[in-house]
Each structure stands twice: as structure tokens, then as C-alpha cells.
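Below: one structure, written as C-alpha cells.
Hydrogens, waters and symmetry mates are skipped; everything else that's a heavy atom, side chains included, is used. Proteins get letters first, then strands, A, B, ... in listed order; numbering begins at 1 in each.
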Protein chains: 2
Amino acid sequence: MRLAELSARSGVSTATIKFYLREGLLPPGRRLSATQAEYDGTHLRRLRLVRALIQVGGVPVATAREVLAAVDDEGLTRHDRLGAAVWAIPQPAPARTREATAEETAAARTQVAALLQRLGWPSEDLDSPPGQALVRTVAALAGLGYPHDAEGLLPYARAAERAAEADLDMLEHFTSEEEQVEASVALTVLHEPVLLALRRLAQAQESARRTGRPEEW
Amino acid sequence: MRLAELSARSGVSTATIKFYLREGLLPPGRRLSATQAEYDGTHLRRLRLVRALIQVGGVPVATAREVLAAVDDEGLTRHDRLGAAVWAIPQPAPARTREATAEETAAARTQVAALLQRLGWPSEDLDSPPGQALVRTVAALAGLGYPHDAEGLLPYARAAERAAEADLDMLEHFTSEEEQVEASVALTVLHEPVLLALRRLAQAQESARRTGRPEEW
DNA sequence: ACGTCTGGATAGTGTCACTATCCAAGCATG
DNA sequence: CATGCTTGGATAGTGACACTATCCAGACGT
């Protein structure tokens, strides 16, 4: 298919597709002549993944390029590609009202380490990108007057475990390695709004349940 | 305290505080003279809440103003204020690669309705802000080649229920109504990165568990 | 052959959260 | 009272970033 058709099928304007080509988020099409190129289904899939990352995930273009490079890296095992790709997706930045003092960060680190131990998760995770993001966020929370310890974080970790089980179940439906890696990135990003929307609905439900005033919500 | 002290204590520059005052995110201080005003602890708390909303939640300034108006609305019951405030917080926008066709949206609505019924949650939630966000996201997911039915969403809803229980438990630690409403907004926003970071750690853990290759992650 | 479409290059737009600069009116000290 | 610093307020500017508008010359289709 040509650029115009790729645009029509994806709903992304030709100008934007050109922009992604320029930025290296989308591999160039097969050149037919000096002014002609052809795209295929892989471009369409990749384009959708790019949109998911940028629009839903809020991932900057430069970071998306890195994530996609990991997705494409043939030299890695499936697991490494999957991990590299997913961990390259940036986390939402925690509050920076005060940059979190060194003491707050140290305390947060201690609590997160305790949490990992309690969960039986490897302590190296503390230095992984999501682990660091967690420490930063917990430190920021403390700075905002909402201190958390391992005990308080535990229920959220249990909830996260359930979500992760669902994620992995879903991934197993995909057969090819290529699809699995792409799906892991796409679903990591795309299920975030799902989980957060459900959380708000569950908050309403739980609040109604506790106060016995279902009609208020 | 004066503006300079408010700035020092919050870590927010005076220029930014002036900007928030101008935008109506922060109520004006008590005027001491034509060129002097005094701020107190409520300003400091509010300022932290504003930062949490804008920096962590990514809430636009205009929306933050609405959320804060709901927080301040004395005419509402605690529950209404809480609900109004939290539901005014925008959801992450779902993919808009194709705006999701009408059929996709209708199908998504059906599945979400089935999910609500299955959970025993009120069907009116379907039209609440988070409910609509969920429908839009599910429709977008279908458009990206990841269809979901009520069955597939259920595990995420279970995870969300756990998170919501933890949220409500946490809220009960706050005594005054003012604090509870503020905390509900702050924690709704601030726990999002916590939950998402934990989810990624849990994904790694779960993947390692399933493949028996813990050293890969 | 001739109007349309193509891919490529370049520069511009819109949004949005700040931020730099001025200004005139206090306040604090000699 | 003078002088220099600070204060709150108003105005315009900045920087980041994801696009987007315009041009262009070379195919392609009829």
C-alpha cells in the first residue's frame, strides 16, 4: 500500500506519518522508484503501536524510538526484548514540589526494599526503572504529607499482582515472538487507562458499600 | 507567612505561585496593605495539592481549577464533594488513531455494561466519567487489534477493587472532612504512579515465575 | 501530455506550563 | 528623610514538543 492508504487505514494524517518516518519511529517503505514507496501490514501495526505509545502512554518521541529499537533488537532473547522494551517505557513523573530530600528518598528506599522482601521479589528490582520510579514516588508522597511504609504499600502490590497475572495471561494468546513483544508494549501502555478507570469505579462502589448510600454515587 | 516563605516551604518558585494565584488555583492571601499579603497553612496544603494534580496527574490548569472548586464547594455533602472532585480529574485519553468507529464504541459499551452487571456495580456507572473513559479505551483497544470482552476485563476489575479498598482504608485515617476530601483527590492522583510502577514490577516477577528464568529480569 | 499524486525537505503552528521583567508601593536601616 | 531591598501585581516572553502547512521535482494514470 502507498502512504495515502496507510494513512486512510490508520486514521493518521499523511503529514504525521511523514513526521514519524523522519523521526525514525516508522521504518521506511520499500522503494519502488525515486518518488514511490510501498508499505505493508507491518507498517500499519507499527504505526498503531507508535500512536499507542505517544498518545496513550504520553511517551516522548525520542523515548518511543528507544522502546521500538528494543522491540526490534533481534540480538536479544524474547524475554530480554520484552523487558528492555517495557522498562524503557517511562513512568509518570512523581511530584517534584521539592525534589524530595535525601532523607525522604532514603526512607522511601528502605520501605520499598522491605516491601520487596515481604513479597518475595528480588531485591535487585529496587534499582530497575520501575523500582526507582516507585522509590521516587513514595519519597514525593512523603514530602506531600502522605507517608507510606511497606505495610501500606502491600495492598497495592497485591492489586498489581492481579493485574500482572491478567497481563501475562493475555500475552499468551499471541503466538509469534514478534506479536508478543509488540503486544507486551502495547498492552502495558494501553491497559493503564483501563486499570485506572476501573479503579475509580471501584472507589465509588467501595465508598457506597461502606457508607450504605449507594444513591449518592 | 509571606509569599517568599510560602515559596521556600513548598519549594515552588514565587513566580509560579503568582501564576497559580492569577489562575485562581490558589486563593489570595489576607491583604495586609496595598502591597503586602499573608498566607497560612491552608495555602501551603492547597499548593501541594495543586502541584500533585498538575505535575503528577498531568491535569491541565483549567481542569485543576474545576477540581478544586468541587473540593471547596460547601454546598455539597462530603460524598458529593468527594465524588465531584475525583470524577472531575481527567482520565488519560485513550488512543485516537481512528476516533473509534461507532460500532466499536457500541460493542465496547455492551461489554463494559456486561462487566458492571457481572460485578454487581450499578449500571449508571456506565455514564459516569470513569465509565465513559473505560468505554472509550476499550473501543480504542479494539481498533488497535486488542479486543476485550467482559470476561477479559474482569481480572483487571478485581485488581482495581483491591486498590480501591486500600484507597478507602487510607482515607479513613483522616479525620476532618476537609482533609478527607483533599486526601481523596491527592491520593487518587498520587497513587496512580505507585500502582503502575508496582504493576511493572509484578509483570517482571510473574513473567520470571512462569518461565522459570528469574535471572533474565 | 497533463493533472494528480508521491515522498522528501524546511519552516511554521498551537498548546501549555511556567518564567523573566517591570513597576510602584512598603519596610528597614543610617 | 534618604536609600536600598522586598513585596505583590501586571505583561509579555520562553521552551518543549507534537505535529502541520507548504513547496518541490519526479512519477503515474488516462
Side-chain angles (χ1 to χ4, degrees), chain A residues 1-40 43 47 49-68 90 92-93 95-99, chain B residues 1-40 43 47 49-68 90 92-93 95-97 99 189:
Chain A
M1 76 186 88
R2 312 284 190 69
L3 197 154
E5 189 180 347
L6 185 61
S7 165
R9 282 218 221 169
S10 64
V12 179
S13 75
T14 60
T16 300
I17 294 176
K18 287 182 180 182
F19 170 70
Y20 291 156
L21 286 167
R22 223 178 305 137
E23 294 293 325
L25 300 184
L26 202 60
R30 194 171 57 89
R31 298 300 303 266
L32 297 177
S33 74
T35 66
Q36 226 74 1
E38 192 179 50
Y39 306 91
D40 57 25
H43 291 91
L47 185 52
L49 183 58
V50 167
R51 296 294 277 188
L53 281 172
I54 290 180
Q55 290 214 337
V56 183
V59 174
V61 166
T63 310
R65 193 161 34 225
E66 293 172 31
V67 174
L68 296 170
R96 271 167 294 152
T97 57
R98 226 178 13 174
E99 290 291 341
Chain B
M1 78 187 87
R2 310 285 189 69
L3 199 153
E5 189 180 346
L6 185 62
S7 165
R9 282 217 222 169
S10 64
V12 179
S13 76
T14 61
T16 300
I17 293 176
K18 287 181 180 183
F19 170 70
Y20 290 157
L21 286 167
R22 223 179 306 137
E23 294 292 327
L25 299 183
L26 204 58
R30 193 170 58 89
R31 297 302 300 269
L32 296 177
S33 74
T35 65
Q36 226 75 0
E38 192 180 51
Y39 306 91
D40 57 25
H43 291 91
L47 186 51
L49 183 59
V50 168
R51 295 294 277 188
L53 281 172
I54 291 180
Q55 290 215 335
V56 182
V59 173
V61 165
T63 310
R65 194 161 35 225
E66 292 172 32
V67 174
L68 295 171
R96 272 166 292 152
T97 57
E99 290 292 340
V189 168

> Which angle, to the nearest 10 degrees, lies between the helix axes at the two ends of the helix from dA1(C)-dT30(D) to dG30(C)-dC1(D), each defined by five pairs?
Replying inline: 10°
>> Could you measure the distance from the NZ atom of Lys18(A) to the CG atom of Leu3(A)? Nearest 0.5 Å is fine.
In response: 6.5 Å
Could you run down the sub-3.5 Å N/O contacts of the protein with nucleotides 3-7 of chain C?
unit_1, atom_1, unit_2, atom_2, d
dG7(C), OP1, Leu3(A), N, 3.3
dG7(C), OP1, Ala37(A), O, 3.3
dG7(C), N7, Lys18(A), NZ, 3.3

> Listed by chain and number, what are the salt bridge (charged side-chain N to carboxylate O under 4.0 Å, His left out) partners of Arg2(A), not counting sequence neighbours?
Replying inline: none
> Atom CG in Leu47(A), atom CG in Leu6(A): separation rounded to 0.5 Å?
Replying inline: 5.5 Å
>> Please classify the nucleic acid contact of Ile54(B) as base, sugar-phosphate, or nothing, using heavy-atom distances under 4.0 Å.
In response: sugar-phosphate
> Residues in salt bridge (charged side-chain N to carboxylate O under 4.0 Å, His left out) with Glu66(A), at least two apart?
Replying inline: none
>> Taking only side-chain N and O atoms of Tyr20(B), does any of them lie within less than 4.0 angstrom of OP1 or OP2 on dC18(C)?
In response: yes
> Going through the distances and angles, do Leu68(A) and Arg65(A) end up as a side-chain contact (heavy atoms from CB on, under 4.5 Å)?
Replying inline: CA-CA 5 Å; Leu68(A) 296 170; Arg65(A) 193 161 34 225; 5.9 Å; no
For a quick test of your reading: what N or O donor-acceptor pairs under 3.5 Å do the side chains of residues 24-36 of chain B make, sequence neighbours left out?
unit_1, atom_1, unit_2, atom_2, d
Arg30(B), NH2, Glu38(B), OE1, 2.8
Arg31(B), NE, Ser33(B), O, 3.3
Arg31(B), NE, Gln36(B), O, 3.4
Arg31(B), NH2, Ser33(B), O, 2.9
Arg31(B), NH2, Ala34(B), O, 2.4
Ser33(B), OG, Thr35(B), N, 3.4
Ser33(B), OG, Gln36(B), N, 3.4

> Would you find a donor on one side and an acceptor on the other, under 3.5 Å apart, between the side chain of Thr63(B) and the backbone of Val59(B)?
Replying inline: no
> When rounded to the nearest 0.5 angstrom, what distance separates CZ in Phe19(B) from OG1 in Thr14(B)?
Replying inline: 14.0 Å
> Under the side chain to side chain contact (heavy atoms under 4.5 Å, CB included) test, which residues partner Thr16(A), sequence neighbours left out?
Replying inline: Val12(A), Ser13(A), Tyr20(A), Arg51(A)
> Partners of Glu5(B) by salt bridge (charged side-chain N to carboxylate O under 4.0 Å, His left out), sequence neighbours excluded?
Replying inline: Arg9(B)
> Just the endpoints, please: which first and last nucleotides of DNA chain D, 5' to 3', lie under 4.0 Å from a heavy atom of chain A?
Replying inline: dA18(D) to dC28(D)
